Structures are given as structure tokens and as C-alpha cells.
Amino acid sequence: MNPLPQFPVGFQVGVSTAAYQIEGAVDEDGRGRSIWDTFSHTPGRTRDGDTGDVACDHYHRWAEDLDLIAHLGADAYRFSIAWPRVQPDGDGTLNIKGIDFYDRLVDGLLERGVEALPTLYHWDLPQALEDRGGWLARDTAARFADYAALVAGRLGDRVRRWITLNEPVVHLAQGYAFGVHAPGHTHLLAALPVAHHQLLGHGLAVRALRAAGAGEVMITNNLTPVVPAGDDEADHAAAAVYDAFHNRLFLDPILTAAYPPGLDAGVRDGDLEIIGTPLDGLGVNYYFPTRVAAPAPDDPLPFRMVEVEGVPTTAFGWPVVPDGLHDVLTGLRDRYGPALPPIWVTESGCSTHDEVEPGGRIRDEARIAYLDGHLRALHRAIAAGVDVRGYFVWSLLDNFEWAEGYAQRFGLVRVDYDTQRRTPKDSYTWLRAALADRP
Ligand code: IFM
């Protein structure tokens with residue numbers, strides 16, 4: 001494989017994880033219950049009934065995992081803080097034992113020369129807040145800002161940059177519209193206030209974090225280039241609607257202080273000003289493009305997703321289209337112009353069918369090709385003038401892939417869930433060599 005192109009000085013390469021997907025220890029040190037505990041313990045909700053009860057046991061094995069990150073040569077580690085671990089019921093004072101865990105984690109990263117980049121919310125809402133309406137309730141936004149302030153008060157002397165929310169569109173769609181993620185609601189279009197309340201929570205949290213001395217704040221969105229399935233006007237119109245729901249819904253209010261038409265459910269006077277509080281960066285998670293056709297007459301939604309044809313797919317069946325990352329990045333620049341802050345690709349990766357050879361080696365060539373292709377696409381976007389400052393691989397470890405349980409393996413490092421043994425795959429070795437090769 002050819003060496004990777006040279007990235008600008010200071011370009012960060014890191015790895016990403018999320019609390020519920022790796023930590024386990026769900027009943028330890030005063031952690032409260034989250035909506036994912038409830039959901040995964042409800043029969044029929046996850047593949048094989050898998051739960052995050054143990055996951056990668058990272059709560060106990062964090063030092064070993066940080067050693068893996070340091071040995072890789074990563075510049076930064078994006079992890080998430082479990083809200084119910086530090087504020088068990090979603091309000092009130094900090095659970096000291098819970099926040100101590102993240103305190104150790106941050107110190108451990110800094111000792112190893114790795115930047116700590118925490119995400120405050122990666123879908124694990126305290127169940128107590130869901131019982132009061134979850135993100136359908138406006139008050140959850142205020143609770144989120146209080147939680148952000150408490151965490152920054154404790155970690156802000158060592159954490160310079162923060163991410164508020166992870167992929168609010170996925171949380172809205174999968175969790176509240178279609179019910180395939182926690183909390184499992186099937187409200188379809190009636191779920192829309194969840195978008196506004198998450199965004200309001202984000203805006204309030206940005207202000208709370210800055211008041212607590214945060215250096216830089218960003219949000220991470222899942223973005224996809226939307227491709228009309230055909231040439232006719234109806235397909236193009238449906239693609240524009242999908243683009244508004246998936247991409248613009250969580251960007252326009254932040255960057256232009258306006259919602260796409262018709263998507264402003266629950267907005268009150270003054271909200272857009274809070275949501276539009278300027279950011280220092282935008283996190284972009286890219287996995288695949290979306291092909292959209294006009295809906296059939298009895299479809300409940302104003303668009304229909306159709307297969308992207310003629311490209312390789314991951315173990316999950318997701319289309320592999322590195323150019324889509326280039327298109328997302330240049331598309332953001334074209335759409336938002338000077339309002340667009342610097343970008344960090346905060347997730348990019350794939351699940352693979354890994355086989356462990358008798359000697360223990362895992363030749364995950366498909367992941368190497370995936371990462372190589374996406375890094376080259378990102379480099380082309382930089383060459384085209386887009387200000388992209390970093391790339392984070394999803395994920396450091398194989399982990400709990402939500403409704404798919406442990407069936408999809410996204411890690412640079414394999415986890416044997418029977419023994420919790422970690423084995424770096426060939427992709428880890430490849431990335432390590434690429435990082436060591438930087439000037
Ligand atoms: O595992 C998820 C992650 O939690 C959010 N972004 C997409 C990943 C792969 O599905």
C-alpha cells in the first residue's frame with residue numbers, strides 16, 4: 001500500500017469510544033440506571049439479548065486500554081462520560097466515585113501524552129430523566145447544561161476541548177422515532193421536539209462550559225451525502241427533504257440560527273440565539289452516503305431510503321464510499337461558508353468479519369483499506385480548501401454496537417468477550433506505522 005499523503009502540521013489522529021459501549025460496571029460506585037440499561041434488558045430489543053453490563057470491562061481495564069492508545073501513537077482519545085455514572089438521577093450533586101473514574105482517565109491520558117477529548121452525551125440518558133419525559137421534555141435541556149457545568153468544574157483544569165452531544169440525529173431517529181434504540185419510542189414525526197430539546201441542551205451546555213472556563217467546545221453530528229435515486233423531480237425533492245432531516249436539522253440552527261422549514265417543533269423566543277452560540281469546532285461522523293427515492297403512497301415518511309449499488313459493503317452491510325467523506329466536507333464548506341468552524345472527523349470506521357488465526361493474528365485488510373481510503377478522501381478535501389483538523393477512528397476496541405449487541409466488530413483491537421483479552425489487529429499495526437512515519 002502506498003504511504004499516506006502528508007497532512008498539515010498539527011493534524012490530529014485519534015481513536016473514539018463511548019461509555020455504554022465499553023465500560024461495563026453498570027452497578028458499581030453508585031452509577032444510576034440509564035435508558036440503555038432498561039432497553040438492553042428488555043427482551044427482544046438487542047441481538048441475542050446482549051447488554052452493556054460488562055461490555056469491554058473498560059471501567060476496570062482502563063489503564064491497559066490507555067496503554068494501547070499511547071502505543072498506537074494517537075494524538076487524542078475521544079471518549080464519552082456516562083451521565084448516570086456522575087449524576088445517577090440526572091440532577092443533583094456529583095457522584096464523587098463516578099467522576100473519580102473520569103478523573104483517573106484524564107490523568108492517565110495526560111501522563112501518556114494523549115489529549116483527552118470527552119463527549120458529554122453519547123445516548124445514555126439517566127433513566128430517571130426518561131421517566132420525566134426524556135428529550136421530549138424541555139427540562140432535560142436544562143438538566144444537561146447543569147450536568148455539563150458540574151463535570152467541567154471537576155475536569156476543566158485538564159480538559160481543554162469538549163464535545164456536547166454525539167449524533168443527535170441518530171438519537172432522535174433510532175431512539176424516539178423508530179424505536180430501535182433506547183428509549184424505544186416509535187413517535188415517527190411526532191418525535192421532532194427531541195431535536196430541538198437536544199439542540200437547546202447543547203446551546204445551554206456550550207454557555208455553561210465556557211462559564212466554567214472551557215477552552216473549546218464543539219458538537220458531533222452524523223452527516224451523510226444524500227443522493228437522489230433517480231433523475232425525476234420527485235426523487236430530488238425527497239432527497240432534499242431527507243437532507244433537511246438528517247444533515248440540516250442539527251446544523252442550520254447552530255450555524256445560521258434558523259431551522260429548515262417546518263422542522264422547528266417546540267421552539268420558543270430566544271432559543272435560537274442560545275443554540276447559535278458560536279462553536280470552536282464541528283465534529284463530523286461519516287459512515288456512508290444515503291440514496292433516497294420518492295415515497296410510495298402509503299409510506300409514513302416523506303422519503304424512502306434505497307440501496308447504494310455497485311460498491312463494496314462492510315460486515316454490517318454498509319456501503320463503503322470514501323468519496324462520500326470528501327463530499328460531506330466540501331459540501332459543508334459550500335453550504336455554510338465562513339460560518340463553518342474548523343472540522344474534526346470524530347468517527348470513521350467499519351465493522352469487519354475478523355478471523356483469529358491459530359497464532360492469534362487478525363488480518364483485517366478490509367479495515368486497512370477503509371481507513372486508507374477515507375484518510376485519502378479527507379486529504380483531498382483539505383487540498384480543496386476545507387479546514388479539517390483531525391481524524392478519529394471508530395473504534396479503539398470491538399464493543400457493544402447498540403441493537404446489534406456484540407455481533408459487529410469495529411475495533412482496531414479485538415476483544416475476546418469471554419476472557420477480555422485485547423489483541424491488536426493488523427489495522428492497529430498499520431495505523432501505528434503510518435503515525436510513526438509522520439515528519
Ligand atoms: O457505534 C456507533 C457509535 O456509537 C456512534 N456512531 C456510529 C457507530 C457505529 O454504528
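Keep in mind that this is a model prediction, so the values were computed, not measured. For ligands, and for the atoms within them, numbers begin at 1 and follow the listed sequence.
No part of Phe316 comes within 4.0 Å of ligand 1, judged by heavy-atom distances. Only side-chain heavy atoms of Trp318 come within less than 4.0 Å of ligand 1; its backbone N, CA, C and O stay farther off.
A donor-acceptor contact shorter than 3.5 Å is absent between the side chain of Asp387 and the backbone of Ile343.
Salt bridge present: Arg376 and Asp372 bring a charged side-chain N and a carboxylate O closer than 4.0 Å.
Around CD of Glu357, the count of heavy atoms belonging to other residues, nucleotides or ligands within 6.0 Å exceeds 12.
Considering backbone and side-chain atoms alike, Glu401 places an N or O below 3.5 Å from some N or O of ligand 1. The N/O atoms of Asn166, backbone and side chain alike, include none that comes under 3.5 Å of an N/O atom in ligand 1. Note: no N/O pair closer than 3.5 Å links Asn399 and ligand 1 by distance alone.
Taken from NE2 in His58 to CZ in Phe101, the straight-line distance is 4.0 Å, to the nearest 0.5 Å. Taken from CZ in Arg33 to CG in Asp89, the straight-line distance is 12.5 Å, to the nearest 0.5 Å.
With Glu347 as reference, Asn285 is the one residue of Asn285, Thr220, Thr17, Asn222 to meet the side chain to side chain donor-acceptor pair (under 3.5 Å) rule.
Taking every heavy atom of Glu167 and a limit of under 4.0 angstrom, the matching atoms of ligand 1 come to 5 (C), 6 (N), 7 (C).
Ranking protein heavy atoms by distance to atom 5 (C) of ligand 1, first place goes to Glu347 OE1, 3.3 Å.
For His122, the closest heavy-atom approach to ligand 1 falls below 4.0 Å.
By the 30° and 60° cut-offs, the orientation of the rings of Trp402 relative to Trp123 is tilted.
The closest non-hydrogen atom to atom 8 (C) of ligand 1, taken over Phe400, Tyr287, Phe410, comes from Tyr287.
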